[in-house]
Amino acid sequence: MRIFDPHIHMTSRTTDDYEAMYAAGVRAVVEPSFWLGQPRTSPASFFDYFDSLLGWEPFRAAQYGIAHHCTLALNPKEAGDPRCTPVLDALPRYLVKDNVVAVGEIGYDSMTPAEDTALAAQLQMAADHGLPALVHTPHRDKLAGLRRTLDVVRESALPVERVLIDHLNETTVKEAKDSGAWLGFSVYPDTKMDEERMVAILRAYGPEQVLVNSAADWGRSDPLKTRKVADLMLAEGFTEDDVDRVLWRNPVAFYGLSGRLSLDVTTTEATHEGNSILRGQPRDEPAPDTADATGA
């Protein structure tokens with residue numbers, strides 16, 4: 001089984017997670033830029049974060065045989081903070097990077113005028129750079145948030161067919177599907193969707209343009225939820241082709257709209273900018289002679 005997790009925040013995960021994901025069949029991920037929990041106080045902190053998504057995380061993922069791409073944006077949670085809005089001015093120089101396969105996460109958190117402005121501006125950037133967009137729907141008032149999102153998308157230069165609307169559930173899936181957008185579902189242990197609800201939605205609406213992700217952020221989450229959805233699909237009578245479509249071919253098709261998606265895992269050096277993910281002495285190397293090292 002091959003799995004592409006189209007939305008996972010690996011910055012918050014350990015190398016053990018990469019190892020477990022590979023064993024479960026994950027061979028590619030997309031990491032959207034988002035809020036890190038602690039509010040950021042200047043654009044410079046965003047730029048360091050963007051650089052890590054373009055360099056350090058692909059390096060870590062490649063050590064475990066996983067192709068890593070990212071989406072970059074000023075996220076909805078911080079779009080209303082005037083200390084952060086200058087990120088919009090600098091974002092275009094990041095959107096030309098080869099590893100960036102969409103603008104995102106953009107969208108709504110509290111549905112404020114500032115979020116309207118940021119969403120419209122970044123949809124235009126996506127259109128200008130030939131990129132699709134990953135849109136975050138709010139955790140509260142989800143149907144109202146979806147409708148407001150679709151209104152802004154329809155007024156933009158970016159066709160709705162190049163938009164992935166994420167964090168959908170039973171209350172929003174029909175209108176999202178009717179719009180022609182791609183459909184994203186985040187599967188969590190306690191909140192949002194779970195495996196059973198996800199399979200029920202697939203049975204009701206079909207696998208077309210559906211992307212399933214684990215999100216797997218710094219809260220309680222599970223980077224193996226994609227595999228658990230796949231296993232339940234098979235147990236509930238879906239075919240292996242259905243599973244491959246939802247867990248692999250659909251995310252490949254959506255992010256392939258960028259023209260930048262590469263699923264080859266490049267052999268990496270032992271370090272990234274002089275840093276390694278290794279800790280301690282490798283088992284197959286003898287420890288240095290303490291007496292010789294100290295001169296005792």
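Starting from 1, each residue takes its place in the sequence as its number. All heavy atoms count here, side chains included; hydrogens, waters and symmetry mates do not.
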* Using atom types as modelled and distance alone, determine if a side-chain donor or acceptor of Asp242 lies under 3.5 Å from a backbone N or O of Thr239. => yes
* Flag yes if Ile8 and Leu54 sit in one hydrophobic cluster, no otherwise; membership is Ile, Leu, Val, Met, Phe, Trp, Tyr, and two members link when side-chain heavy atoms are under 4.5 Å apart. => yes
* To do: Evaluate the side-chain proximity of Glu115 to Ser110: yes if any heavy-atom separation is below 4.5 Å, no if none is.
  => yes
* Pairwise salt bridge (Lys or Arg N to Asp or Glu O under 4.0 Å) hits with a residue in residues 22-35, at least two apart -> none
* Given the rule in the side-chain contact (heavy atoms from CB on, under 4.5 Å) test, do Asp5 and Val30 qualify, once you have shown the distances and angles that lead to the verdict? -> CA-CA 7 Å; Asp5 194 324; Val30 166; over 6 Å; no
* Asked: Would you say the side-chain atoms of Asn99 pair up with the backbone N or O of His68, donor to acceptor, closer than 3.5 Å?
  -> yes
* Would you say the side chain of Pro6 lies within less than 4.5 Å of the side chain of Asn213, judging by non-hydrogen atoms? -> yes
* Close side-chain approach of Ile201 and Met193, heavy atoms under 4.5 Å -> yes
* **Single-linkage hydrophobic cluster, 4.5 Å side-chain cutoff, Val243 and Val252 together** => no
* Structure fact -> Taking every heavy atom of Tyr49 against every heavy atom of Pro32, the minimum-distance pair comes out as OH-O, 3.7 Å
* Structure fact -> Output for pair (Leu72 CG, His129 NE2), nearest 0.5 Å, gives 11.0 Å
* Qualifying salt bridge (Lys or Arg N to Asp or Glu O under 4.0 Å) pairs, either residue in residues 225-234, two or more places apart -> Glu195-Lys225, Asp222-Lys228, Arg227-Asp231
* Could you tell me which residues satisfy side chain to side chain contact (heavy atoms under 4.5 Å, CB included) with Lys177, sequence neighbours excluded, listed by chain and number? => Leu183, Tyr205, Glu208
* Between Asn75 and His136, is any side-chain donor less than 3.5 angstrom from a side-chain acceptor? -> no
* Does the side chain of Ser186 pick up a donor-acceptor pair with the side chain of His167 at under 3.5 Å? -> yes
* **Inter- and intrachain pairs under side-chain hydrogen bond (donor to acceptor under 3.5 Å, both in side chains), touching residues 34-43, at least two apart** => Arg40-Glu78
* Asked: Is the closest side-chain heavy-atom distance between His69 and Val100 below 4.5 Å?
  -> no
* **Joint hydrophobic cluster, Val187 plus Val210, side-chain heavy atoms closer than 4.5 Å** => yes
* Asked: Partners of Phe254 by ring pair (Phe, Tyr, Trp, His ring centres under 6.0 Å), sequence neighbours excluded?
  -> Trp182
* To do: To the nearest 0.5 Å, tell me how far Gln122 CD sits from Ser156 OG.
  => 12.0 Å
* Asked: If Ile, Leu, Val, Met, Phe, Trp and Tyr residues are connected whenever their side-chain heavy atoms lie under 4.5 Å apart, and connections chain through other members, are Ile106 and Leu146 in the same group?
  -> yes
* Asked: Could you go step by step and tell me if Leu164 and His7 meet the side-chain contact (heavy atoms from CB on, under 4.5 Å) rule?
  -> CA-CA 11 Å; Leu164 169 59; His7 178 157; over 6 Å; no
* Side chain to side chain, Phe46 and Leu74, heavy atoms closer than 4.5 Å -> yes
* Any idea which heavy atoms bring Ala181 and Gln209 closest together, and the distance? -> O-NE2, 3.3 Å
* Asked: Does His9 reach the side chain of Glu105, with side-chain heavy atoms less than 4.5 Å apart?
  -> yes
* Asked: Got a sec, which residues hit side chain to side chain donor-acceptor pair (under 3.5 Å) with Glu175, two or more places apart in sequence or on another chain?
  -> Arg147
* **Under 3.5 Å: donor-acceptor pair, side chain of Thr137, backbone of Asp166** => yes
* Contact summary for Leu261 and Gly256, nearest pair of heavy atoms -> CD2-N, 4.0 Å
* **Side chain Asn250, main chain Pro207, donor-acceptor under 3.5 Å** => yes
* **Pairwise distance CG(Leu263) to CD1(Ile66) - rounded to 0.5 angstrom** => 12.5 Å
* Output, in order, the C-alpha distance, side-chain angles, deciding distance and verdict of side-chain contact (heavy atoms from CB on, under 4.5 Å) for Arg203 and Met198. => CA-CA 9 Å; Arg203 186 177 293 112; Met198 187 67 247; over 6 Å; no
* Tyr108 and Asp141: side-chain donor and acceptor closer than 3.5 Å? -> no
* Which side-chain hydrogen bond (donor to acceptor under 3.5 Å, both in side chains) pairs, counting each pair once, include a residue from residues 253-264, with sequence neighbours left out? -> none
* Asked: If you round to the nearest 0.5 Å, how far is CZ of Phe4 from CH2 of Trp248?
  -> 7.0 Å
* Structure fact -> The complete set of salt bridge (Lys or Arg N to Asp or Glu O under 4.0 Å) pairs with one or both residues in residues 88-101, sequence neighbours excluded, reads none
* **Under 4.5 Å side-chain linkage, directly or through intermediates, the cluster mates of Val96** => none
* Asked: Is Val101 linked to Phe59 within one hydrophobic cluster, defined over Ile, Leu, Val, Met, Phe, Trp and Tyr using a side-chain heavy-atom separation of less than 4.5 Å?
  -> no
* Hey, what do you get for CG (Leu158) to CE (Met125), rounding to the nearest 0.5 Å? -> 13.0 Å
* Asked: Given the rule in the side-chain contact (heavy atoms from CB on, under 4.5 Å) test, do Val103 and Leu134 qualify, once you have shown the distances and angles that lead to the verdict?
  -> CA-CA 6 Å; Val103 177; Leu134 170 61; over 6 Å; no
* What is the distance from atom CG of Leu168 to atom NZ of Lys142, rounded to the nearest 0.5 Å? -> 7.0 Å
* Asked: Heavy-atom distance under 4.5 Å between the side chains of Leu53 and Asp51, does that happen here?
  -> no
* Give the C-alpha distance, both sets of side-chain angles, the deciding distance and a yes or no for salt bridge (charged side-chain N to carboxylate O under 4.0 Å, His left out) between Asp178 and Lys174. => CA-CA 6 Å; Asp178 290 346; Lys174 184 180 186 304; 2.8 Å; yes
* To do: Could I get the full list of side chain to side chain contact (heavy atoms under 4.5 Å, CB included) partners for Thr117, not counting sequence neighbours?
  => none
* Asked: How far apart are the closest heavy atoms of Ala126 and Ala133, and which atoms are they?
  -> CB-CB, 4.5 Å
* Asked: Looking only at atom types and distance, does a side-chain atom of Thr149 sit under 3.5 Å from a main-chain N or O of Gly145, one as donor and one as acceptor?
  -> yes
* Asked: Judged by modelled atom types alone, do Glu57 and Tyr18 share a side-chain donor-acceptor pair under 3.5 Å?
  -> yes
* Asked: Which residues satisfy the side chain to side chain donor-acceptor pair (under 3.5 Å) test with Arg154, sequence neighbours excluded?
  -> none
* Does the side chain of Thr171 pick up a donor-acceptor pair with the side chain of Asn169 at under 3.5 Å? -> yes
* **Arg60 side chain vs Met10 backbone, donor-acceptor pair below 3.5 Å** => yes
* Structure fact -> Smallest heavy-atom separation, Pro58 atom then Ser52 atom, equals CD-O, 4.0 Å
* Asked: So, Phe50 versus Tyr94, ring centres under 6.0 angstrom or not?
  -> yes
* Under the side chain to side chain donor-acceptor pair (under 3.5 Å) rule, collect the residues that match up with Thr71, sequence neighbours excluded. => none
* Quick one: are Val173 and Phe185 in side-chain contact, heavy atoms under 4.5 Å? -> yes
